[in-house]
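Data block below; observations after.
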Amino acid sequence: AKSNTVAKAAGKLYFGSATDNPELTDTAYVSILSDSGFFGQITPGNSMKWDATEPSRGTFTFTNGDTIANLAKKNGQLLRGHNCVWYNQLPSWVSSGNFDNATLSSILQTHCSTVVGHYKGQIYSWDVVNEPFNDDGTLRSFVFSNTIGESYIDIALNAARAADPNAKLYINDYNIEGPGAKSTSMQNLVKSLKARGTPLDGIGLQGHFIVGELPSNLQENLEAFTALGVEVAYTELDIRMTLPSTAALLAQQEKDYQTVVTACNNVEKCVGVTIWYSWVPSTFSGQGAACPWDQNLVEKPAYSGIIAGFQ
Ligand code: G3I
């Protein structure tokens, strides 16, 4: 069975993967990535971020993002935009520009409008705002929140809605997959945005996990969001382990992938699951094997866990 085929048979919109431009020279990888039986959705890992799309003020570059968008189109896959505003991969002209509130608001408005507008009609969903919270649930401090306050989020969402009215607009974060302070803050933000009429369609739960250490109550946590009138998705799922991988770790990883996919499968308004693993080895020394395929592109037990989760 193929992962996107079973996801769709279960009533989900997609099973997807992040990808990145440098990886597209690997033809064996690209043939799996492009198989819409395996993947019905792709997300660019870096090429639509601020540093890639507006490296200097008012100068927009879409070449690499367009490559991913065209690949999705060619493969008949949905495309997730990632992202309009994030504290990371923000060029220094923005982060160190010492702009006042009005100027920074206009910079943000222009950036989101231009990037979302460029891909108008090609995108299923946009991670408009990425990682707005600290792990304790307080608003993350960076140039936009520091200068504009929480309403930088409203500016970005309003600009995105105007630029592509058919794209689903998401806020995306990690460590909100189980109940806790950060998940509660995100739910409170959803309520506040809805109360003030700011457009928002979904919450992305990234899902960067460690084998054997999943949060409990994944499904209840998803339902706490969908009860507020938004859809949800696991947007960046990977489940890493301390290397070397052993049969026991691979078996636990299979179980963990199945648990996460089952949680999405059980929640009607959880629209899909996207995997995102390539950052793991370079970020966590001694850890890896987070992907459901091995280095030779052979399906691991984790892949069976995904299939079972959709059944
Ligand atoms: O573009 C430069 C290149 O010019 C330079 O030669 C090279 C040398 O290291 O670095 C390149 O930049 C790298 C960039 O990816 C593009 O490849 C950065 O060093 C590297 O830090 C960056 O990592 C990305 C990371 O976000 C940055 O925070 C990962 O690829 C990307 O997968 C990861 O994705 C994030 C999501 O956007 C948000 N959620 C968490 C997730 C994992 O960290």
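Indexing begins at 1, ligand by ligand and atom by atom, following the structure's order. Reckoned from all heavy atoms, side chains included, excluding hydrogens, waters and symmetry mates.
For atom 27 (C) of ligand 1, the closest non-hydrogen atom on the protein side is Q89 OE1, 3.1 Å. Closest protein heavy atom to atom 38 (C) of ligand 1: E131 OE2, 3.3 Å. Scanning all protein heavy atoms for the shortest distance to atom 41 (C) of ligand 1 gives E236 OE1, 3.4 Å. Distance from atom 34 (O) of ligand 1 to its nearest protein heavy atom, with residue and atom name: W276 CZ2, 3.2 Å.
Remark: side-chain polar atoms of S56 are not paired, donor with acceptor, to backbone N or O of T59 under 3.5 angstrom. At distances below 3.5 Å, at least one donor-acceptor pair connects side-chain atoms of K49 with backbone N or O atoms of G45. Under the 3.5 Å distance criterion, the side-chain polar atoms of W126 are left unmatched by any main-chain donor or acceptor of H82.
Through direct or relayed side-chain contacts under 4.5 Å between Ile, Leu, Val, Met, Phe, Trp and Tyr, L78 connects to L13, Y14, Y124, Y170, V271.
With a 4.0 Å cut-off on non-hydrogen atoms, W86 touches ligand 1 through its side chain and not its backbone.
In terms of polar-atom proximity, defined here as any N/O pair under 3.5 Å, S278 makes no such contact with ligand 1. In terms of N/O distances under 3.5 Å, ligand 1 is approached by N88.
With N172, N21, N46 as candidates, the residue nearest to atom 23 (O) of ligand 1 on a non-hydrogen basis is N46.
With 3.5 Å as the limit, one finds a donor-acceptor pair spanning the side chains of S183 and Q187.
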